[in-house]
Amino acid sequence: MEWFEYLSFGKNGWGDELASGLGITLSLALITLPIGLFLGFSVAAASVAKKTYPRLIAFTFTTMIRGLPELLTLFIIYHGVGLLLNKIIKWLNPDAGFFELSPFVAGIIALGLVFGGYSGEVLRGAWQALDKGQREAALATGMSQLQIFRLIELPQMLRLALPGLGNLWINLLKDTALVSVIALNDLMRMANIAVGSTKKPFLFFLTVCLTYWAICIFFEWCIARLEKRANRGIRTS
Amino acid sequence: MFEVLIDYWPKLLDGMSMTLKLTFISVVIAGLLSLPLAILRRSKNKAFQWPIRLFVSFFRGTPLLAQLFLIYYGSGQFREELTDLGVWWFFRDPFYCALFTFALNSTAYQLEILRGGLQAVPYGEIEAGVALGMKRTLLYRTIILPHTYRIALPALGNEIILMLKGSAIASVITLMDVMGHTRRVFSQTFDISVYFWAAIIYLMITTLFVFAWRLLEKRLTRHMYYPVNNKHLPAPKALNPPKETCHVN
């Protein structure tokens with residue numbers, strides 16, 4: 001089979017290049033996840049705040065993120081933040097050279113914003129579904145705000161938010177393919193390079209698709225197990 | 001900031017028509033395909049169930065960009081065979097390839113939504129139809145499908161918005177939609193504000209769509225609203241008779 005030869009590891013095959021691309025894809029997703037989650041919690045906290053301004057900011061942010069194509073967000077961050085940083089650097093130090101935002105960092109920021117915008121909504125829904133009496137009871141026993149959040153609200157919120165967050169995680173994994181457009185050497189771009197030199201586009205893009213598919217199925221299985229574990233204390237009919 | 005808009009608005013408008021065309025055609029094709037497939041997916045026959053399951057899982061588990069590359073560039077590997085079949089003109093054109101990919105992708109998503117909708121139709125309604133001696137087609141047309149679409153409508157609206165946003169990916173295979181024109185204008189002028197205008201265009205389309213979709217939802221659920229003009233109706237009598245006070249103590 002000549003197809004396997006193309007995918008083999010070593011000098012003639014592209015297996016090792018694709019594997020390194022896969023590593024970049026996965027690390028991008030794994031680094032983005034905590035950043036996006038943190039942003040999501042902040043957005044959720046802002047959107048249930050009593051004051052008007054935090055709520056307005058959170059609403060504008062989620063509406064923007066959910067209305068813009070992920071590709072456009074990525075380009076705005078990659079070019080826009082790069083230009084902005086350059087202006088700041090030029091203003092601080094007129095002799096400084098041109099600074100280029102690395103595509104990896106741009107990818108993390110853009111995907112983190114997207115994840116934060118969507119997960120903010122999921123977490124807000126979970127937050128609002130909690131029983132208010134528990135919070136009042138905790139306040140009455142003298143717990144601090146941080147303790148209430150960490151010991152009472154967070155564990156219950158995660159159970160409610162898990163299905164939504166799982167979907168978002170799968171989406172995040174799939175969206176990482178977009179960073180290949182801004183020349184980050186992820187799985188997709190490695191396949192592109194391989195196609196450029198071997199002229200076997202179907203083989204390599206099929207490999208990419210199957211790899212993503214396998215990753216998604218694996219994580220879907222993980223999420224199902226997590227959900228089962230999170231729901232272990234819930235009585236079902 | 002406004003110079004870009006003044007200089008390039010015809011291009012952005014052109015891109016907008018391309019974006020709308022791509023989204024609209026693929027969503028409509030997917031809408032037509034997804035219903036029969038969703039009904040087949042629910043059949044007990046494993047020979048129907050499994051291929052559809054695989055199809056849905058594949059298209060929902062891989063990035064749209066990878067699917068597009070697989071179909072547009074991947075078809076090049078079978079150029080001779082496709083030319084012999086007489087379909088090479090289709091796979092050579094980026095527009096048709098994008099349409100094909102988006103339609104298949106959207107079919108997978110819409111199929112799952114409709115499957116959920118079909119499942120959520122209360123069984124009593126179907127039983128009542130059967131008890132009245134309705135045939136299968138009549139049952140579907142008058143009872144199951146209206147209810148299914150009523151349940152599925154919000155999710156379908158979300159899916160169409162996702163498709164609209166996903167269509168920006170078509171710019172990667174040289175199609176000049178809003179994103180494609182924006183990228184070209186940026187590479188010519190290095191003016192970041194063109195991205196701002198593109199964002200405005202996308203937000204405008206989504207907002208208008210959400211508004212229109214809400215009207216459609218209202219129309220399909222009109223039986224759940226009270227008629228506004230009911231002044232001529234007699235005022236309802238008190239349903240609950242005044243409760244007798246109890247004297248326990």
Side-chain angles (χ1 to χ4, degrees), chain A residues 3 25 60 63-84 87 114 167 170-171 173-181 186-189 191-192 195-196 198-220, chain B residues 19 54 57-79 91 105 158 161-173 177-180 182-183 186-187 190-210:
Chain A
W3 277 29
T25 294
T60 319
T63 316
M64 292 267 293
I65 288 295
R66 301 204 304 168
L68 292 184
E70 287 80 5
L71 197 59
L72 185 59
T73 315
L74 188 63
F75 273 103
I76 290 177
I77 297 295
Y78 186 49
H79 294 309
V81 173
L83 280 181
L84 197 74
K87 271 193 184 157
V114 171
N167 274 340
I170 301 278
N171 275 345
L173 278 171
K174 291 193 288 171
D175 282 344
T176 52
L178 293 179
V179 292
S180 65
V181 181
D186 74 328
L187 180 60
M188 197 72 218
R189 192 170 142 80
N192 258 324
V195 167
T198 61
K199 306 281 176 253
K200 291 273 181 256
F202 189 80
L203 167 66
F204 281 105
F205 290 130
L206 187 67
T207 312
V208 169
C209 280
L210 292 179
T211 313
Y212 270 108
W213 197 12
I215 297 173
C216 282
I217 288 175
F218 170 70
F219 279 112
E220 269 166 19
Chain B
T19 294
L54 272 181
S57 169
F58 179 79
F59 275 93
R60 296 190 355 151
T62 53
L64 188 55
L65 187 66
Q67 295 163 13
L68 192 60
F69 278 11
L70 181 66
I71 288 174
Y72 180 57
Y73 293 123
S75 59
Q77 198 173 329
F78 305 107
R79 184 169 173 177
F91 288 101
N105 185 281
N158 279 343
I161 289 181
L162 281 185
M163 203 64 250
L164 177 78
K165 295 184 354 177
S167 73
I169 285 173
S171 67
V172 180
I173 56 164
D177 65 339
V178 176
M179 195 67 217
T182 308
R183 282 171 71 185
F186 180 77
S187 65
F190 283 105
D191 188 345
I192 194 73
S193 56
V194 67
Y195 284 125
F196 172 78
W197 294 113
I200 296 274
I201 290 177
Y202 275 111
L203 285 178
M204 205 177 66
I205 300 175
T206 0
T207 314
L208 284 179
F209 174 79
V210 167

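In what follows, chains carry the letters A, B, and so on, assigned in the order in which the sequence lines appear, proteins first and then strands, with residues in each chain numbered from 1.
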Practice problem: With a 4.5 angstrom heavy-atom cut-off, could you sort out which part of A:L203 is near chain B: side chain, backbone, both or neither? | Solution: both
Self-check item: Contact class of A:T63 relative to chain B, heavy atoms under 4.5 angstrom
Solution: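 Contact with chain B involves the backbone of A:T63 alone.
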Quiz item: Between CD of B:Q77 and CG of A:L206, what distance do you get to the nearest 0.5 Å?
Solution: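 Going from the CD atom of B:Q77 to the CG atom of A:L206 covers 9.5 Å.
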Quiz item: Rounded to the nearest 0.5 Å, what separation is found between the CG atom of A:D186 and the CG atom of A:N192?
Solution: 9.0 Å
Identify which of [options] forms the greatest number of heavy-atom pairs closer than 4.5 Å to chain A.
| options | value |
| --- | --- |
| B:I205, B:I201, B:L203 | B:L203 |
| B:V172, B:L65, B:V210 | B:L65 |
| B:L70, B:I192, B:I71 | B:L70 |

Quiz prompt | Validation row: A:M188, A:F205 side chains within 4.5 angstrom (heavy atoms) | solution = yes
Self-check item: Side chain proximity check, A:F219 to A:L173, heavy atoms < 4.5 angstrom
Solution: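 Heavy-atom side-chain distance check passes, below 4.5 Å.
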Quiz item: Where does the angle between the aromatic ring planes of B:Y195 and A:H79 fall among parallel (under 30°), tilted (30 to 60°) and perpendicular (over 60°)?
Solution: parallel
Chain A contact via [X] - side chain, backbone, both or neither, heavy atoms under 4.5 Å:
| X | value |
| --- | --- |
| B:T62 | both |
| B:F78 | side chain |
| B:T207 | neither |
| B:F186 | side chain |

Self-check item: Winner by heavy-atom pair count (cut-off under 4.5 Å) against chain B, out of A:I217, A:L83, A:D175, A:V181
Solution: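 Among A:I217, A:L83, A:D175, A:V181, the one with the most close pairs to chain B is A:V181.
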Self-check item: Pick from A:C216, A:A177, A:C209 with the largest number of heavy-atom pairs that fall under 4.5 Å of chain B
Solution: A:C209
Quiz item: Which heavy atom of B:R60 sits nearest a heavy atom of A:K174, and at what distance?
Solution: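 The pair with the smallest heavy-atom distance is O-NZ, 2.7 Å.
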Quiz item: If you take all heavy atoms of A:P69 and B:A168, which pair is closest and at what distance?
Solution: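 What the structure gives for the nearest pair is CB-CB, 3.7 Å.
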Practice problem: Measure from the side-chain N and O atoms of A:W213 to the backbone N and O of B:S57, and report whether any donor-acceptor pair falls under 3.5 Å. | Solution: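 Side chain of A:W213 to backbone of B:S57: a pair is present.
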